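As the structure is a computational prediction, the values presented were derived from the model and not from experiment. Whatever order the structure lists them in is the order used to number ligands and atoms, beginning at 1.
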Amino acid sequence: MRAYRGHLIHIGGSPRLDSAREHLVSVPDGVLVVNDAGSIAYSGSYQEMPAYPDTEMHDCRPGFLLPGFIDTHIHYPQTHCIDSYGGGQLLDWLQHCIFPAEAKLADRDYARDVARDFCRRRVAVGTTTALVFGSAFPDAQDTLFEESARIGLRTISGRGIQTVGPEAAGPLLTDDDTAIALTHSEIDRWHNAEGGLVKVAVVPRFALSVTGRTLHALGELYDAVRGRGVYFHTHLSENVTEIDAVRTTYGVENYLDTYDGRFDGGGLSLLGPRSVFAHAVHCTDGELNRLSETGSSIAHCPTSQLFLGSGTMPWRRTVASGVNVALGTDVSAGDEWLIPRVLNDCFKVHISEPGGQGLSISPAALLFTATLAGARALQMEDRIGNLDVGKEADFVVIDPRCQPLLSELLTPIAPDDADRLLFTLLLSMREDAVGGVYVRGRLLSPR
Ligand code: GUN
Ligand code: ZN
């Protein structure tokens, strides 16, 4: 057994967003005991810790122990194109910056470098679990899964499927039959590999990168593999020009209909409890209700929405529908890898919402969105997302001494003033403060 002493902060139990505050657990002199299987055997006050023979004690004070961050939307093949210049908004940016950059992963050696950098960055920022938009190239996907497994991260990913697009997308396109065959093969080889740390998603890039025929075929494919715990991941209603193009191309009223089999030639729905839709900035109430009733989740990506000028997801209306809202960096449209930096933008954009809709999201709700909501979106809440006993020990140690001024900001706050402490910690921390990153109790090293 190993024990980690520090200030524990997490959202205990299994609340919904609106009761995250009542489930905020803050134990100033706390300890996390991790058994040899990598699960949490004890989580609570140091004084009340039962005696465990042969326990190795790691004193992380004055550090904080938080659940590992969960990024529900990040693009692996965009690791090297953050802050791409001259892109403009979504459709132009894809064409001018992103498709050419992603095409470079056809080169296996280059893809290996990108996979290494991607996994290293995740360790550096404490993202223990991520739902990863993959490369079009199967070799590049193999490299990602291998590298993630070597380091010990939790990764769900799938090859980015594109069957139509502008000239710049040419190297990323396949025909429908090839897309289906490659997706099947990826699922068979990687889903639940590496002791379950690696899983696979079916990932059409967005409605405009595929055709009605492709989506029809993906509906059949997904229906056949849903029962194996495979995921579905894509983009939804990010940008108004994109939405207009989807409506025209598919002859639908609502963007979501394209993924829901509700268009001419449609078929089976791709929605469900392991389906995660990135953005959902401009959804109608009907779309939000449909996401909610099918148990689908939204990956909210405010940093990216700022960079691409996509707009602001209406927080109150979105969460009022009951849909689960998790967080995504959306690297590289999002230029921050650290989930708390995305929380910082999340706080700012929603307090600034116009029309009387602005609100000050509570620190507990922010932490919930970055951890437990992500676990729920990935149907992994029984294993990760907080520091409850019995969960697998995915956690980060945040050491305020490693970041200039962070100790000075935190030390004056009374240790039992959990709201104030958590707010300052989440909004102020940078990756320098990430002192240790653990998955299933194993300390990850970015090498
Ligand atoms: N929509 C389709 N592809 C992309 C992408 O790579 N990034 C973002 N933000 N939106 C997309
Ligand atoms: Zn994205």
Pair Asp345, Thr303 - check side-chain hydrogen bond (donor to acceptor under 3.5 Å, both in side chains), show working. CA-CA 6 Å; Asp345 284 335; Thr303 306; 2.8 Å; yes
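- Taking 4.0 Å as the cut-off, His279 counts as a neighbour of ligand 1 on heavy-atom distance.
- For ligand 1, the atoms lying closer than 4.0 Å to a non-hydrogen atom of Leu90 are 1 (N), 8 (C), 10 (N), 11 (C).
- Close contacts of ligand 1 with His75, meaning ligand atoms under 4.0 Å from a residue heavy atom, involve 5 (C), 6 (O), 7 (N).
- Ring to ring, Phe347 and Phe423 are close: their centroids are under 6.0 angstrom apart.
- The side-chain hydrogen bond (donor to acceptor under 3.5 Å, both in side chains) pairs that include a residue from residues 290-301 are Asp260-Arg290, Arg290-Glu293, Thr294-Ser296, Ser297-Asn324, His300-His350, where partners are two or more places apart or lie in different chains.
- Under a 4.0 Å criterion applied to the non-hydrogen atoms of Leu94, ligand 1 contributes the atoms 2 (C), 3 (N), 4 (C), 5 (C), 6 (O).
- Of all the atoms in ligand 1, the ones that sit under 4.0 Å from a non-hydrogen atom of Asp330 are 8 (C), 9 (N).
- Minimum interatomic distance between Leu338 and Met429 (heavy atoms only, all atoms of both residues): CD2-O, 3.5 Å.
- The six-membered or imidazole ring of Tyr255 lies away from that of His279, with a centre-to-centre distance of 6.0 Å or more.
- Applying the salt bridge (Lys or Arg N to Asp or Glu O under 4.0 Å) rule to pairs touching residues 355-374 yields nothing, sequence neighbours excluded.
- Put simply, part of Gln78 is less than 4.0 Å from ligand 1, judged by heavy atoms.
- Within the 4.0 Å heavy-atom cutoff, Phe133 does not count among the residues contacting ligand 1.
- Excluding waters, the protein N/O/S atoms found under 2.8 Å from the Zn ion (ligand 2) are His73 NE2, His75 NE2, His235 NE2, Asp330 OD1.
- Checked against a 3.5 angstrom limit, the closest N/O atoms of Trp93 and ligand 1 fall outside it.
- Residue pairs meeting the side-chain hydrogen bond (donor to acceptor under 3.5 Å, both in side chains) criterion with at least one member in residues 419-429, sequence neighbours excluded: Arg21-Asp419, Asp417-Arg420.
- The six-membered or imidazole ring of His10 lies away from that of His23, with a centre-to-centre distance of 6.0 Å or more.
- Contact annotation: for Glu242 versus ligand 1, there are no heavy atoms closer than 4.0 Å.
- Atom 4 (C) of ligand 1 has His235 CE1, 3.3 Å as its closest protein atom, hydrogens excluded (heavy atom only).
- Of all the atoms in ligand 1, the ones that sit under 4.0 Å from a non-hydrogen atom of Arg205 are 2 (C), 3 (N), 4 (C), 5 (C), 6 (O).
- Classification of the His235-Phe133 ring pair by plane angle, with boundaries at 30° and 60°, yields tilted.
- Closest to atom 10 (N) of ligand 1 among all protein heavy atoms lies Glu238 OE1, 2.7 Å.
- We find that Arg112 and Glu146 are joined by a salt bridge, their nearest charged nitrogen and carboxylate oxygen being less than 4.0 Å apart.
- Going from atom OG of Ser209 over to atom CD1 of Ile161 covers 10.5 Å, rounded to the nearest 0.5 Å.
- At a cut-off of 3.5 Å, with distance as the only test, no side-chain donor of Thr241 or Asp244 sits close to an acceptor on the other residue.
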